[in-house]
Amino acid sequence: MAPQPQWQQQPPQQAVPPQRVEPDWQALADRNEAAGKRKRRMKVIGIVAAVVLVGGGVAGGVLLLGKDDPKKTGPVVTSSTSSKPAPGPSSASSGPGGQPDDPSKPIWEAATDPAPQDAGALFSAMQVTVNGATWNRTVVSLDQPCWDGNSTTGGLGKALGDQGCQKVLRATYVSGDSAVTVGVAVFDHKIQAETAMKSYTGQLKGLPAPGAPAFCANPGCTSTHNSLGRYAYFTVEGSAKGGNAPDATATAAASGFAEHVKGQLLQRAKAAGSATPGSQGTPAG
């Protein structure tokens with residue numbers, strides 16, 4: 001009998017640890033960089049789109065705000081004088097912080113506004129054209145003091161006098177049967193003029209030419225009031241035939257005359273400004 005083969009015990013095999021696979025770091029870095037570039041591109045595109053949208057909105061707003069509203073266009077006022085009127089004050093100069101100076105600043109107080117108070121000079125236009133109609137100056141006056149009742153009615157004299165008003169300058173312009181009296185009350189400082197207007201009551205009195213019937217001597221006519229610098233300025237509108245009733249033509253011209261008086265005061269401010277030391281131009285006077 002053949003001998004049986006003997007099984008030989010094999011030595012145990014050593015377990016081979018699995019190989020560790022290292023990631024491809026370069027590939028990951030490349031992918032991260034590419035993703036970052038895409039995000040940056042999207043961010044830039046988003047910013048550009050936002051700027052375009054906002055810019056378009058702002059531009060549209062500017063165009064809208066810059067449009068003239070024909071309903072708010074005031075009457076055109078021109079004056080006929082013996083000499084060419086001085087050009088309006090310039091707002092090109094700037095104060096602290098780059099803000100434009102107030103063109104009325106030279107007439108904020110008496111110390112910087114030395115020109116004499118003269119009704120004929122202030123209301124120098126012998127003719128004023130408002131809304132296509134020609135108005136002729138018929139009379140001027142200087143009334144002093146403000147509170148004596150010669151130039152005001154309905155309590156206006158007290159409102160002016162309480163703030164130290166010095167005098168009232170008046171002029172009357174007539175067109176057909178319509179009449180407008182304009183007036184300027186003179187104070188030492190703009191604060192007084194502004195405070196007086198906060199207590200405004202009554203009205204300016206109409207100033208008739210010698211021999212003409214009195215008009216707007218008592219409340220009843222239409223009127224306007226405002227202030228600029230150390231001055232308060234007024235209009236009162238009525239019939240050249242007399243009485244205290246409103247006149248449609250005169251009332252329609254009120255805002256035009258108010259703008260005319262404001263323009264005269266601004267010319268005075270420009271003359272006062274050019275007369276200050278260190279400024280350019282010729283002294284006022």
Side-chain angles (χ1 to χ4, degrees), residues 68 72-95 99-131 135 137 140 142 160 163 165-173 180-197 200 204 223-236 253-285:
D68 291 331
K72 295 183 180 179
T73 302
V76 177
V77 182
T78 58
S79 60
S80 173
T81 59
S82 57
S83 60
K84 184 178 179 181
S90 171
S91 59
S93 58
S94 298
Q99 296 298 321
D101 285 334
D102 185 338
S104 71
K105 192 170 183 178
I107 57 171
W108 281 8
E109 55 184 320
T112 56
D113 179 26
Q117 305 294 340
D118 180 83
L122 184 60
F123 306 119
S124 59
M126 297 304 297
Q127 288 185 333
V128 175
T129 302
V130 181
N131 296 343
W135 298 72
R137 197 190 78 180
V140 296
L142 186 154
L160 301 179
Q163 296 302 319
C165 174
Q166 302 169 11
K167 61 196 74 174
V168 176
L169 313 176
R170 288 186 295 167
T172 293
Y173 291 86
V180 175
T181 293
V182 295
V184 170
V186 184
F187 298 86
D188 282 328
H189 198 279
K190 67 173 293 194
I191 294 177
Q192 295 171 300
E194 292 172 349
T195 303
M197 290 302 89
Y200 177 85
L204 186 74
S223 62
T224 69
H225 65 279
N226 211 330
S227 67
L228 183 73
R230 69 184 184 114
Y231 301 99
Y233 59 98
F234 315 89
T235 71
V236 63
S255 60
F257 273 102
E259 285 299 310
H260 172 69
V261 176
K262 180 180 178 180
Q264 295 300 104
L265 293 174
L266 286 173
Q267 287 189 29
R268 183 183 179 97
K270 184 174 183 179
S274 67
T276 57
S279 63
Q280 295 180 353
T282 57

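We're numbering straight along the sequence, starting at 1.
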If the plane angle is over 60° it's perpendicular, under 30° parallel, otherwise tilted; pick one for W135 and F257.
perpendicular
Any chance you could measure L169, atom CG, to Q264, atom CD, to the nearest 0.5 Å?
12.0 Å
Taking the side chain as every heavy atom from C-beta outward, state whether R230 and D113 have any atom pair closer than 4.5 Å.
yes
Check: P106 main-chain N/O paired with T112 side-chain donor or acceptor under 3.5 Å
yes
Contacts of D188 that satisfy side chain to side chain contact (heavy atoms under 4.5 Å, CB included) - sequence neighbours left out
A110, Q166, Q192
Salt bridge (charged side-chain N to carboxylate O under 4.0 Å, His left out) partners of residues 117-128, not counting sequence neighbours, each pair once:
none
Any side-chain heavy-atom pair of V261 and F123 under 4.5 Å
yes
Tell me every residue that passes salt bridge (charged side-chain N to carboxylate O under 4.0 Å, His left out) with K167, counting only those two or more places apart in sequence or in another chain.
none
In terms of ring plane angle, is the pair Y200 and H225 parallel, tilted or perpendicular, where the classes change at 30° and 60°?
parallel
Counting N and O atoms only, with roles assigned by atom type, does the side chain of R170 sit under 3.5 Å from a partner on the main chain of L204, one being a donor and the other an acceptor?
no
Would you call L122 and L265 a side-chain contact if the rule is heavy atoms closer than 4.5 Å?
yes
Could I get the full list of side chain to side chain contact (heavy atoms under 4.5 Å, CB included) partners for S227, not counting sequence neighbours?
A193, E194, M197
Those residues at least two apart in sequence (or on a different chain) that pass ring pair (Phe, Tyr, Trp, His ring centres under 6.0 Å) with Y231 are none
Please give me the minimum heavy-atom distance between G229 and W108, naming the atom from each residue.
CA-CD1, 3.9 Å
If every non-hydrogen atom of A269 is compared with every non-hydrogen atom of P103, which pair is closest and at what distance?
CB-O, 3.4 Å
When every non-hydrogen atom of L160 is compared with those of F187, the smallest separation belongs to O-CE2, 3.6 Å
Going through the distances and angles, do V130 and V180 end up as a side chain to side chain contact (heavy atoms under 4.5 Å, CB included)?
CA-CA 11 Å; V130 181; V180 175; over 6 Å; no
Mind checking the CD1-CG spacing from I107 to L228? Nearest 0.5 Å is all I need.
4.5 Å
Could you list the residues that satisfy side chain to side chain contact (heavy atoms under 4.5 Å, CB included) with T224, not counting sequence neighbours?
T235, E237, A254, A258
